[in-house]
Amino acid sequence: MDKIYDIAVIGGGPAGYIAAIKGAQLGASVVLFEKDVVGGTCLNRGCIPTKTYAKTAEYIHHIKEASLRGIVNDPKVGIDMPKVVQYKNGVVKKLTGGVAALLRSNGVDVVKGVAKLASETTIECDGKIYNAKNTILCGGSKAGVIPIPGVEHKDVMTSDGILDITEVPARLCIIGGGVIGCEIANAFQAFGSQVTIVEMMPRLVANMDEDISAAIKKSLEKAGVKVMLGKQVDGIQDKGGKPVVVASGEPIECDKVLLSIGRFADLECLGALKDKFEIVRGKVVVDDYMRTKIPNIYACGDINGRIMLAHPGSKMGEVAAINCMGGHEKCDLRYVPSCLYTIPEASSVGLTEAQAKEKLGADNVIVGKFPFSANGRSIASGTTEGFVKVVADKKYGELLGCQIVGADAAEMIAEPTALMQMEITVHEVADKIIHAHPSFSEAFMDACCDALGECLNLPKKKK
């Protein structure tokens, strides 16, 4: 084609479609290539589908607990799995359709097909060549598969496949106790599956604070999920057509197996230029401006592996588009919240307690913690499980991190994230900011007060 675009974007996920729209807003002519449906893993096979299932599980939880509040109902619930999938697909279609409409309204040309770099200024897609002054690579990621014996069994699935099954498996074994594994365990246990999580690390969600790991393990086990930690998967055997997961010599009979060991960058879009990029541990290396070794080519989202979450991916895409159009903006990823959509939810931003103490020294860190069991809104709502924990610098009181386990934790993390970005201290949160009462958010204020040893809503600590 003779047209030369200002920006070409390969991949229409959260990084890609935001990059395309931002570029168009800045006056660029933009083409976006997507081999599947715009929205990427997040909208089609990840964030949105799993959160839809999480909400369905929450409904089941509320129905079963309703009688405690004086609601007369039959707490026995069942699942129509085809309808669950149908509803999930409707949510996905609405959101992906919305993204497509946004791209159209901003004048972005969308080309469906597998796109690869042909040169530093050209992209090949389905036999056609497209020219671009700048390219933003947003190839995303794919579900990981480990080379264990029997992994090819017909009933072994990745997170991509389990979200489309139309029958609730009686026994589900999940290999991997990270965020995806815990969220799927939470959902399918509520749907009626007997769920077992096998994790080789000594704790669940090992990338999060230890207190979060302990709380999530406790909540999952309380719900009926069997959690096996420190177990190595030896292989997957077959018994009468059904899979048997062997973990550290112990057989686990099941009907379906979910392989949930994380995701790996999809480098297919590098095409003919793959050898020209710096690739470390399977991910494309970029600088803080999202630029690769090739000056006019940027890489954003899962493909660069900095933080493999949708929201930082979108910010990376936005920054890359700005820089394509002559900007000089860095992508600040210091305060990116991460969330776990289980019952209860969990969220975290900044440094964990262990990270802060390792970085500054234990004597230079203060920690505050407030349980939801002492929060009025939580007690009234019947959601007393969990806590808010803050980590701060002892000398100045600067907020370094926050961890939350509890109802609406994914929403509550927004406040500490914003305050940390503005370098607000625990002193200001405790003494200056008035929180609504009753609200879950008061627990954040109380945790900051506790870090200073002046919480008014906890018993006086014994010296």
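No hydrogens, no waters, no symmetry mates; every other heavy atom, side chains included, goes into these values.
For the atom pair Q189 CD and I343 CD1, the distance stands at 8.5 Å (nearest 0.5 Å). In this structure, CE in M445 is found 7.5 Å from OG in S439, a value given to the nearest 0.5 Å. Going from atom NE2 of H153 over to atom CD of Q237 covers 10.5 Å, rounded to the nearest 0.5 Å. The CG atom of L399 lies 10.5 Å from the CE atom of M422; values are rounded to the nearest 0.5 Å. Rounding to the nearest 0.5 Å gives a distance of 5.0 Å between CD of E120 and NZ of K276. Between D234 atom CG and S248 atom OG the span is 6.0 Å, to the nearest 0.5 Å.
Between the side chain of S193 and the main chain of V195, no donor-acceptor pair closer than 3.5 Å is present. Judged by distance alone, the side chain of E428 and the main-chain N or O of T425 form a donor-acceptor pair under 3.5 Å. The backbone N or O of T352 sits nowhere less than 3.5 Å from a side-chain atom of D209 that would complete a donor-acceptor pair. No donor-acceptor pair closer than 3.5 Å links the side chain of T135 to the backbone N or O of I297. Between the side chain of E329 and the backbone N or O of V319, no donor-acceptor pair lies under 3.5 Å. Side-chain atoms of D155 do not come within 3.5 Å of backbone N or O of P243 as any donor-acceptor pair. No donor-acceptor pair under 3.5 Å is formed between the side chain of T196 and the backbone N or O of K226. With hydrogens and angles disregarded, a donor-acceptor distance shorter than 3.5 Å links the side chain of Q403 to the backbone of L351. Here the side chain of N134 pairs no donor or acceptor atom with the backbone of I7 at under 3.5 angstrom. Between the side chain of D126 and the backbone N or O of G113 there is no donor-acceptor pair closer than 3.5 Å.
For K315, the NZ atom sits in a loose shell: 12 or fewer heavy atoms of surrounding residues, nucleotides or ligands are nearer than 6.0 Å. Few gaps surround OH on Y335; more than 12 heavy atoms of other groups in view lie less than 6.0 Å from it. Atom CD of E358 sits in a sparse spot, with 12 or fewer heavy atoms from other residues, nucleotides or ligands closer than 6.0 Å. The 12-atom threshold is exceeded at CD of E398, counting heavy atoms of other residues, nucleotides or ligands nearer than 6.0 Å. Other residues, nucleotides and ligands contribute at most 12 non-hydrogen atoms within 6.0 Å of the NZ atom of K116.
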Under the criterion side chain to side chain contact (heavy atoms under 4.5 Å, CB included), I'd like the reasoning laid out for M208 against S338: C-alpha separation, chi angles, the key distance, then a yes or no. CA-CA 9 Å; M208 302 184 87; S338 58; 4.0 Å; yes
How far apart are the C-alpha atoms of I175 and V257, what are their side-chain angles, what is the distance that settles it, and do they pass the side chain to side chain contact (heavy atoms under 4.5 Å, CB included) test? CA-CA 7 Å; I175 300 174; V257 178; 3.8 Å; yes
Side chain to side chain contact (heavy atoms under 4.5 Å, CB included) assessment of V108 paired with L102: CA-CA 9 Å; V108 176; L102 286 172; over 6 Å; no
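Side-chain atoms of S213 and E210 include no donor-acceptor pair closer than 3.5 Å.
Between M316 and L333 there is a side-chain heavy-atom pair separated by less than 4.5 Å. Put simply, the side chain of C254 does not reach to within 4.5 Å of the side chain of P169, judged on heavy atoms. Two residues are said to be in side-chain contact when any heavy atoms from C-beta on lie closer than 4.5 Å; V85 and Y53 meet this criterion. Proximity of P202 to L229: side-chain heavy atoms (C-beta onward) are nowhere separated by under 4.5 Å.
Of the charged side-chain nitrogens involved, none lies within less than 4.0 Å of a carboxylate oxygen, so that K395 and D393 do not count as a salt-bridged pair. Ion pairing between a basic and an acidic side chain is recognised when a charged N comes within 4.0 Å of a carboxylate O; R306 and D288 show such pairing.
Across all their heavy atoms, A247 and M228 have their closest contact at CB-CE, 4.5 Å. Residues M81 and I165 approach most closely at CG-O, 3.6 Å, considering heavy atoms. Minimum heavy-atom separation, A143 to T158: CB-CB, 3.6 Å. Here the closest heavy-atom approach between residue V286 and residue A299 is recorded as CG1-O, 3.5 Å. Residues A265 and M308 approach most closely at N-CE, 4.3 Å, considering heavy atoms. The shortest non-hydrogen separation linking G177 to I197 is CA-CG2, 3.8 Å.
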Side chains of residues 31-43: which donor-acceptor pairs under 3.5 Å do they make with residues two or more places apart or in other chains?
from	atom 1	to	atom 2	distance (Å)
E34	OE1	G12	N	2.7
E34	OE2	D36	N	2.8
K35	NZ	D266	OD2	3.2
K35	NZ	E268	OE1	3.3
D36	OD2	R45	NH1	3.1
T41	OG1	R45	NH2	3.4
T41	OG1	R263	NH2	3.3

Which side-chain N or O atoms in residues 15-29 pair as donor and acceptor under 3.5 Å with protein atoms at least two apart or in another chain?
from	atom 1	to	atom 2	distance (Å)
S29	OG	D6	N	3.0
S29	OG	D6	OD2	3.2

